[in-house]
Amino acid sequence: MSSAVEEDADEGEEEVDLDELEEEEEEGMASQSAQEALSRTQDVDLPNGWKPGEPVPYAALAKVFGLIEATTKRLEKTALLTSFFLLVIRRRATGDTQSLLQAVYLCINRLCPDYMGIELGIGESLLIKAITESTGRSTAVVKADLKKEGDLGLVAMNSKNSQKTLFKPKPLTLPVVFKNLKEIAMSSGHSSQNKKVSIITKLLASCQGQEAKYIIRSLEGKLRIGNAERTVLVALSHAALLAEQEAGGCIKCSSKKLNMEKITARLGKLYSELPNYDLVIPALLNAGSTGSERMPLKPMLAKPTKAIGEVLDKFEGKKFTCEYKYDGERAQVHKLEDGSIAVFSRNSEDMSKKYPDLMEQLPRCVKEGTKTFVFDAEAVAIDVDTAKLLPFQELSRRKRKDVKVEDIKVRVCLFAFDLLYLNGEPLLHLDFAERRRLLQEHFRPVDLEFQFAKASDADTTDEIQTFLEESVKDGCEGLMVKMLDGELSRYEPSRRTVNWLKLKKDYLAGAGDSLDLVVVGAYHGKGKRTNVYGAFLLACYDADSEEYQTICKIGTGFSDEALQAHHGALSPLETAVPRGDVKVGGAKPDVWVEPKVVWEVLAADLSLSPIYTAAQGIVEERGISLRFPRFIRVREDKGADDATGPEQTKGGKKGKGRDADDGFW
Ligand code: AMP
């Protein structure tokens, strides 16, 4: 699927870059932060009321969130979180793995693995209702406070703390908060709104100190403490190692010399093979291990390139292959020992219900002796009469739920390009050439249903150019160029690496790559555009600061129907003031829009701007804005947090990618 300028844009804050983690290890930062963590446990601890064997008090988590929010230093954030996790591990009852698991989930604002699709993100009006019911303040007053503060968490906390109560409520515990949040996220149906308000109201009634602030922010789906998932992962790893060393009785000597290789290996294992905290944490605490065919792996991603010359430079002297880059939807296909088949999306969502036809088709391409597997593929819409591939837009017309095979109009063909597990064995560490050989050996092409990604071992500029043009003629987006053998050809889940490069057809025309941006405001239309919005304010998403940074006003590329559709989709999201996590700058749209909708946008160039806030302070004091932005399409598959990050717009060195020369502009 054509994504955008991207790099970790699509990855958002939830992705972890192991390169970066490894760099930290090398720089000795890990041991520094782990040592600091030991000296910070007192700061993090509650003076009274957190006894070994008892459930973790929610106040302890709120306290550590407060301390993390108060610092901008990543090392300090890591140390504080490490201290907290260490206390949770030290004080847990024998055999308890849930406390740490729940603490980790609350720190990354999730409640379960991604693919289960249970999310928070409760609307503002519902939260305001609960705050008014719990504190007795009027809606008007709460709304006025929100306008002033721009943060409902803060408003809830202040409302609570100014409330006089006769009795101190019973302290909240982390398991109770977690259970309630999950119940809220899972409740659906017509009476669910009331049920949600009632649970939140009760939770708020028990809040003390800073607790209300973080409960409300968790419910909103944004903690806003500047705590990226990679920090949580490093802290978790350090805490587990420190706890292990304490248990071994050598904490004094070893805290000075934490075994870096061990930490790095642990992180690598955690993320590469078990991208699921439900399994990672018990494995970490019990030093056990688990197989991972049952859950989706985070997909490996590619870096964009500007020109064929760049491909040749990067892969000089190495064996590589070019494959068609199909314009469809990523599909990770799993078959388990019990014979069940599942298809997962790029975001680890279970797509089996969207693709009942694939479920029916799949057994036909599996050869005898291929019992269990995980393969990586692109699902592409196909015209069964002409065998022509259709663009992604056709695929996106399919319903996502309750799809019946007999109603399906848009047929799908799978183009497999990698094999990750086979008959119970992980293949991630094998050379790509070998994985591809195994893929072709264990599956068979079936007309209009299953094919291997078309590949060429072209290695001169002319050959690559010809293959690129051919791919575009065949309805693809361009090429994926992949390293064939050696260390660098391993499959690396969740990584956007230079070992996979994408060469899109845009490069043929010399245009820039696209960006995925979030709509945060809109301008009323005039003339022909009266009654709809005529232009929009867009923002990129900075995962580190958890804020949306404005980047341009866009009014080009929209058909009349598109403007109607955008009005329909965006007007229910209108808000009187920008949401607290939108870094506004000088832009003044007629209405603000809750950051939810992501659009793919092409721009001719970048310029510096005193109005917009994107990448402010990265390049210089002024922000960056897009020149001549043009709307391409809605990215329904992306959440607001998956939008392009500010580092990717500035060109040159990127926040997570760390590739000095892969800027676009
Ligand atoms: P992008 O979405 O632009 O970052 O490009 C990466 C996406 O291209 C992957 O996530 C796949 O969904 C898709 N894709 C299409 N063909 C291939 C291929 N041969 N190898 C890897 N990914 C592919």
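Counting convention: from 1, in listed order, for ligands and their atoms alike. Note that these values count all heavy atoms, side chains included, but never hydrogens, waters or copies made by symmetry.
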Atoms in ligand 1 with a heavy atom of [X] nearer than 4.0 Å:
| X | value |
| --- | --- |
| R346 | 2 (O), 10 (O) |
| E323 | 18 (C), 19 (N), 20 (N) |
| K502 | 1 (P), 3 (O), 4 (O), 5 (O) |
| K482 | 18 (C), 20 (N), 21 (C) |

Quick test of your reading of the model: are E368 and R444 salt-bridged, counting only N-O distances below 4.0 Å?
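Looking at E368 and R444, the cut-off is met.
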For ligand 1, is any non-hydrogen atom under 4.0 Å from E378's backbone (N, CA, C, O), its side chain (CB onward), both, or neither?
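The part of E378 near ligand 1 is the side chain, not the backbone.
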For ligand 1, the portion of K504 having any non-hydrogen atom under 4.0 Å away
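The answer is the side chain of K504.
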Flag for Q549-E547: side-chain donor and acceptor within less than 3.5 Å
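Looking only at side-chain atoms, Q549 and E547 do form a donor-acceptor pair, the distance falling under 3.5 Å.
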Backbone or side-chain N or O of W500 under 3.5 Å from ligand 1 N or O:
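Between W500 and ligand 1 (N or O atoms, distance only) the closest approach is not under 3.5 Å.
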Verify the ring-centre separation between H334 and F373: is it less than 6.0 angstrom?
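Not under 6.0 Å, so no.
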Centroid-to-centroid, F558 to W599, below 6.0 Å?
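Close enough - the centres of the two rings lie under 6.0 Å apart.
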Please enumerate all residues that pass side chain to side chain contact (heavy atoms under 4.5 Å, CB included) together with L312, with sequence neighbours excluded.
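Scan of L312 (side chain to side chain contact (heavy atoms under 4.5 Å, CB included), adjacent residues dropped) gives I308, F320, T461, I464.
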Which of these, R330, K325, M300, has its nearest heavy atom closest to atom 10 (O) of ligand 1?
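Comparing heavy atoms across R330, K325, M300, the nearest one to atom 10 (O) of ligand 1 lies in R330.
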Filter on ring-ring contact (aromatic ring centres under 6.0 Å, His included), then keep only pairs touching residues 453-478, sequence neighbours left out; what's left?
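Qualifying pairs: Y324-F467.
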